[in-house]
2 protein chains.
Amino acid sequence: MSVGIRHDDLRRRNRAMVISAVRRAGQPSRTEIAATTGLSHSTISAISADLIHEGILTESKASEPTALKRGRPQIGLAQNPEAAAVLTVVLSLNFLSVAVIDYAGQVIAEEQQRLDTLVMPRDELIGECVAIVRRRLQDPDLDLGSVARIAMGIQGITDSHSRAMLWSPITPLTDIPFADILEKEFGIPATTENDCNMMAVALQWRDPERYRDDFIAILLSHGIGMGLVLKGALFTGTHSSGGEFGHMIHRPGGALCRCGRRGCVEAYAGNYAIWRSAMGISEDAAPTDVGDADMRALAAKARQEDGPEREAYRRAGEALGFGLGSLFALIDPAPVAMVGVSAAAFDLIEPALREAIAQTAGGQHSKSISFDTEPNELPLIREGCAMRALTFVDQEIFAPGGQARAGKHVA
Amino acid sequence: MSVGIRHDDLRRRNRAMVISAVRRAGQPSRTEIAATTGLSHSTISAISADLIHEGILTESKASEPTALKRGRPQIGLAQNPEAAAVLTVVLSLNFLSVAVIDYAGQVIAEEQQRLDTLVMPRDELIGECVAIVRRRLQDPDLDLGSVARIAMGIQGITDSHSRAMLWSPITPLTDIPFADILEKEFGIPATTENDCNMMAVALQWRDPERYRDDFIAILLSHGIGMGLVLKGALFTGTHSSGGEFGHMIHRPGGALCRCGRRGCVEAYAGNYAIWRSAMGISEDAAPTDVGDADMRALAAKARQEDGPEREAYRRAGEALGFGLGSLFALIDPAPVAMVGVSAAAFDLIEPALREAIAQTAGGQHSKSISFDTEPNELPLIREGCAMRALTFVDQEIFAPGGQARAGKHVA
DNA sequence: GGCTTTTTTTCGAGCCTCAAAAAAATAGTG
DNA sequence: CACTATTTTTTTGAGGCTCGAAAAAAAGCC
């Protein structure tokens, strides 16, 4: 249960608040921080003096061309890039990429690699991931000791504590505790994050205006994934990363899904499902992987003339619309970002999608629901992982203490 | 955005923590409170001395027959019944009930009334609610000044801030701001809560062992409602009370639902839907109200012989199962409590329900999902309202301060 | 009655935040 | 260029909170 606030927690929490305020705002002055946090100027002054002294923040005076205001000019504060670094690993279908990012959020090194995830044995898959991380960490240009966190984004279901990949469409393997493996190998705290959740995190940082408290990021790719932010916080399941929008039931007993079950939304709206439908292949046929180029060609064909291709996208839209309708019945409508290769074909999907939503409980506001599209998911996933790792460093390393002590006696 | 902790917030929060610990535990000693909150003995001693002095808590020494332990005996602390009172109003189909509850949670007065909610005009419905509350408040046995909060539980959709009823199956009227009406009338802070949410709150208090962090309460009655607790907190939509499980889509374009749309779970599993199906009435037929006695007779018939009645329950189970399957895809499986008159017929529903769940993403753990039944929803709703109101008094009245001051500058 | 054990209270120390005042840094002004 | 007005930042002293240790209280045990 919730735990009391000890006196020493107070400073810790307010430190964390200042660090987070600096990361969120561009280069806020102490006065701005005082305003957003509600703390007094003196407190902010004391805390930021500490943080600067410890090398966590820096004064970035040479920022703007001094806005020609009267009075003492504001001194912007910013994350000190040298305070720490984080490493992101993104594992998706046949593709592995790693980046090292400094504490201010700038990419300082990266490496990418193709690999055949679908057929690799367990040891090899793990080995490649470890190896690529090791190469980046041992880069002579980089100070190894400074990497404070690894965040791995992975296509598939992860557990709710972000420790392991439980199931993934990119490999037949299951239950790989990547976080533990990386921690053991490198002695650096690590997490294993769901790709769609990281997309949502990235959107929240990219456009906090639009994506703030409540929104949905849907990945339209081979499979259908979702990252959900509710009341400003990432939503996860009770045991897993949750939010398996693609496996909500659209038609009981319907088309065969990649997950082996029938009638899932994905079995109508995933790339393979659209392809299967457009090619006149049976709904009972096993899903096949379809390349991005093929999907783009399919969309072009659908735009050109009314035929089975267009109908396939229409059916995808219908499945997504009824799925979203059911979701909206639970959480109320919220802005949606469509991400991934099929987001580029959203013009083909949208009409049927809106028509379906209009027939559901969320439909009363169907016109006000806004959709945004972003065809490229990988940069989003990496950005999300980076922000995840950086905020961890902000909170747990540079404002440490609380968790370990308080609440130890809680039943 | 999150806001800094001011120095004076500290005591306020820890006060709130102590009050809440006392309400949660039976009659905890100061030592127990220190253990659960993680605060030091001296702090707990100081805070509880304050609270006792202010008449909020009392020492309830004569509690147990002293467990024959060595050492100074523990002194139990408890809510002082006279510190305040709250009032609950429960409005459901053709039925209005009010109760006054003391600060320790004991019912000290109640009144119930039948009324024809389906046909009452707006003014009359509001008038009856106000009148019954006034009668209780003006009871000469009761000290009016001590009622510190009114919680109204209402069948239907409320807004996410618990101010108004937005839509309800018990009346054609919409958007009635009951909370504002009651506040204006009596000068007592009030809320308008969703009935199923209050069921969930009540279950959490009744059996915290089973219903703690993640569980689902489903109302099987005229309509299908849901109260959802995730990570220990009541889940609400972004605008409304949310959790409209009954209006997730089971079969696109399917049976006619009371909400006017088609294919909702409720259109297969609500009382009227089961009745319609058992009687061989068309799925397009307008929903009719079915009495509880009729439903019990229907269930008896279904148990007696395999016929359309049993098939109707089977179809209800299927709809509930696929709906739960979709829900579990989003939040992972969790314990379920089935409440309401059709929960008494859960034996007829369960086989098809489990079969359907097994075909969904949540199905992998379908055997471990446990169902509990509770046929009577009204006491649960009242209990939930009472706890809602009491914890408000705990937090906002007896540990006040924070909200109003902190964060006023947050953009 | 004295001893042990456990709970509760008391007390001084150490921090933390706050408000107010002081200091710092710049733009305007004559 | 000195001086004033303005705004930001730092300093300072006061008050309040929690903590640990020690003391006090209240029982059982022998």
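Order of the sequence lines sets the chain letters (A, B, ...), proteins ahead of strands, with each chain counted from 1.
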Check the side chains of A/S60 and A/T58 for a donor-acceptor pair under 3.5 angstrom, ignoring hydrogens and angles.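 No, no side-chain donor-acceptor pair sits under 3.5 Å.
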Without decimals, in angstroms, what is the distance between [X] [atom1] and [N] [atom2]?
X	N	atom1	atom2	answer
B/E32	C/dT7	CD	P	9 Å
B/H41	D/dA23	NE2	C1'	15 Å
A/I75	C/dA25	CD1	C1'	9 Å
B/R12	D/dG16	CZ	C1'	16 Å
B/I5	C/dC18	CD1	C1'	16 Å
B/H7	C/dG14	NE2	C1'	11 Å
A/L39	C/dA19	CG	C1'	14 Å

Enter the distance from [X]:[atom1] to [Y]:[atom2] here, rounded to the nearest 0.5 Å.
X	Y	atom1	atom2	answer
B/I101	B/M387	CD1	CE	9.5 Å
A/R13	A/D8	CZ	CG	11.0 Å
A/T236	A/D159	OG1	CG	9.5 Å
A/R163	A/T192	CZ	OG1	6.5 Å

Can you tell me if [X] touches the phosphate of [N], counting only side-chain N or O atoms and a distance under 4.0 Å to OP1 or OP2?
X	N	value
B/N14	D/dT18	yes
A/R30	D/dT10	yes
B/R70	D/dC29	no
A/R11	C/dC15	no

Which residue lies toward the 5' end of DNA chain C, A/R15 or A/R72, if each is placed at its nearest nucleotide?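 Its nucleotide being nearer the 5' end, the pick is A/R15.
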B/F398 ring center within less than 6.0 Å of B/F392 ring center: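 No - the distance between ring centres of B/F392 and B/F398 does not fall below the 6.0 Å cut-off.
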Go through residues 42-58 of chain A and report each residue with a non-hydrogen atom lying under 4.0 Å from DNA chain C, sorted by number.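 Nucleic-acid contacts, sorted: A/S42, A/T43.
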